[in-house]
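Here's the structure, in structure tokens; my notes come after.
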Amino acid sequence: MKKNKRHQTHLTSVIIVIVTVALTVFLGICLYRQPVLEVRFDALIKWLSNIENAVASLDTQEEIILCIFALFIAKCQLPIPIGFLCTISGMCFSLERAILLNVAFCMFYFAVKYAEGAWMGGGWAMMFLNLRQTRFIKHWVMFKGSGNPYILIASRLVPTIPLGMVSKLYGSMKYDFIYYICLSVLGFMPRLYIYTKLGSALYNPFSKEFIILTIIIVVFTGLSSLVFNVFYGIKSRQMNQTLLIYSQKEKYRIVL
């Protein structure tokens with residue numbers, strides 16, 4: 001069983017590396033041939049530029065803000081990527097204003113999921129942590145029942161960890177709300193900036209800025225996923241070895 005788990009960890013790591021390298025190489029080629037791509041897709045770029053000018057000339061920016069806020073409300077119950085929502089703000093407003101709007105809307109989302117956790121419990125995140133294979137993670141996250149601030153910041157920074165699940169988990173632990181909001185925004189800020197900046201460059205998807213930002217997102221997502229997978233595999237094997245030693249001392253068998 002331990003060999004199977006080790007094999008699964010290695011296979012997952014290999015897949016992550018292959019996908020990340022393949023996407024990075026593809027984007028690197030696009031960056032190298034960026035002038036050619038701009039010329040070849042000049043019609044598409046002009047069409048996107050017309051859309052940008054049309055959006056910039058709108059007099060009803062308040063309605064756009066309400067629409068984006070409505071999407072964040074829908075995000076509270078629907079699996080809408082939050083990076084997509086931050087990108088929309090970057091498309092519609094200047095970078096500074098878009099960042100302020102995204103920070104405010106993300107704080108709203110974090111607060112709603114925190115309230116859900118305080119009212120209904122930790123949900124899937126708590127069920128995952130209660131599994132025997134992940135109880136060693138539970139001790140770090142729970143941090144004597146009060147919640148670990150470092151895990152909260154790291155979970156906001158890593159793209160592969162669901163934001164809503166972590167928010168509900170900390171809400172179920174009655175973690176200090178103000179501290180929770182501040183740490184959540186702090187941890188999510190690098191991703192929020194990149195997503196918003198990506199939206200501002202979306203009207204020319206063949207620009208160097210857009211391709212470089214996409215490379216950063218792909219590489220960071222791949223590396224963080226790889227580190228999490230390797231770390232989980234190492235700690236899981238250590239826990240299994242500890243349980244085996246304990247079972248031999250107590251003279252009873254634990255099925256792993």
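These figures come from a predicted structure and were not determined experimentally. Values below: every heavy atom of this structure, side chains too, minus hydrogens, waters and symmetry copies.
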Quiz item: Taking all non-hydrogen atoms of both residues, which atom of Y195 and which atom of C86 are closest, and how far apart?
Solution: CB-CB, 3.7 Å
Quiz item: For V166 and S155, which heavy atoms make the closest approach, and how far apart are they?
Solution: CG1-OG, 3.3 Å
Quiz item: Could you state the interatomic distance from OG (S184) to NZ (K113), rounded to the nearest 0.5 Å?
Solution: 13.5 Å
Self-check item: Smallest separation among heavy atoms of P149 and L183, with atom names
Solution: CB-CD1, 3.6 Å
Quiz item: Among I68, I88, I99, which one satisfies side-chain contact (heavy atoms from CB on, under 4.5 Å) with F93?
Solution: I68
Quiz item: In the single-linkage hydrophobic clustering (I, L, V, M, F, W, Y; side-chain heavy atoms under 4.5 Å), do L66 and L78 co-cluster?
Solution: no
Quiz item: Hey, quick one: are V158 and F84 part of the same hydrophobic cluster, counting side-chain heavy atoms closer than 4.5 Å, chains of contacts allowed?
Solution: yes
Quiz prompt | Heavy-atom pair with the smallest gap, counting every atom of C76 and V112 | solution = SG-CG1, 3.7 Å
Quiz prompt | I161 side, atom CD1; I151 side, atom CD1 - distance, nearest 0.5 Å | solution = 8.0 Å
Quiz prompt | Inter-residue atom distance C106.SG - L163.CG, 0.5 Å rounding | solution = 8.0 Å
Quiz item: Transitively linked via ILVMFWY side-chain contacts under 4.5 Å: Y150 with I178?
Solution: no
Quiz item: Is it the case that one hydrophobic cluster holds both F108 and L100, taking links as side-chain heavy atoms less than 4.5 Å apart, direct or via other members?
Solution: no
Quiz item: With a 4.5 Å limit on heavy-atom distance, are the side chains of L157 and F220 in contact?
Solution: yes
Quiz item: I15, L223: one ILVMFWY side-chain cluster at the under-4.5 Å cut-off?
Solution: yes
Self-check item: Minimum heavy-atom distance N102-S89, with the two atoms named
Solution: OD1-OG, 2.8 Å
Quiz item: When you measure from the side chain of S224 to the backbone N and O of T221, does any donor-acceptor pair fall under 3.5 Å?
Solution: yes
Quiz item: Between CE of M173 and NZ of K168, what distance do you get to the nearest 0.5 Å?
Solution: 13.5 Å
Quiz prompt | Reference residue Y170; test side-chain contact (heavy atoms from CB on, under 4.5 Å); the match among F110, F177, Y175 | solution = Y175
Quiz item: Given side chains that start at C-beta, do those of V103 and F188 come closer than 4.5 Å, heavy atoms only?
Solution: no
Quiz prompt | Any side-chain heavy-atom pair of F72 and I82 under 4.5 Å | solution = yes
Practice problem: Measure across T24 and I215 and return the closest heavy-atom pair with its distance rounded to 0.1 Å. | Solution: CG2-CG2, 4.4 Å
Quiz prompt | Polar side-chain atom of T20 near backbone of V17 as donor-acceptor pair, under 3.5 Å | solution = no
Quiz item: Distance only, no hydrogens: is a donor on one side chain within 3.5 Å (strictly under) of an acceptor on the other, for R156 and S167?
Solution: yes
Quiz item: Given the side-chain rings of F105 and F69, with only the six-membered ring counted for Trp, is the space between their centroids under 6.0 Å?
Solution: yes
Self-check item: Approximate separation, where rounding is to 0.5 Å, of T87 OG1 and L192 CG
Solution: 9.5 Å
Quiz item: Can you tell me how far the CG atom of L213 sits from the CD1 atom of I194, to the nearest 0.5 Å?
Solution: 7.0 Å
Quiz item: Does the ring center of Y180 lie less than 6.0 Å from the ring center of Y114?
Solution: yes
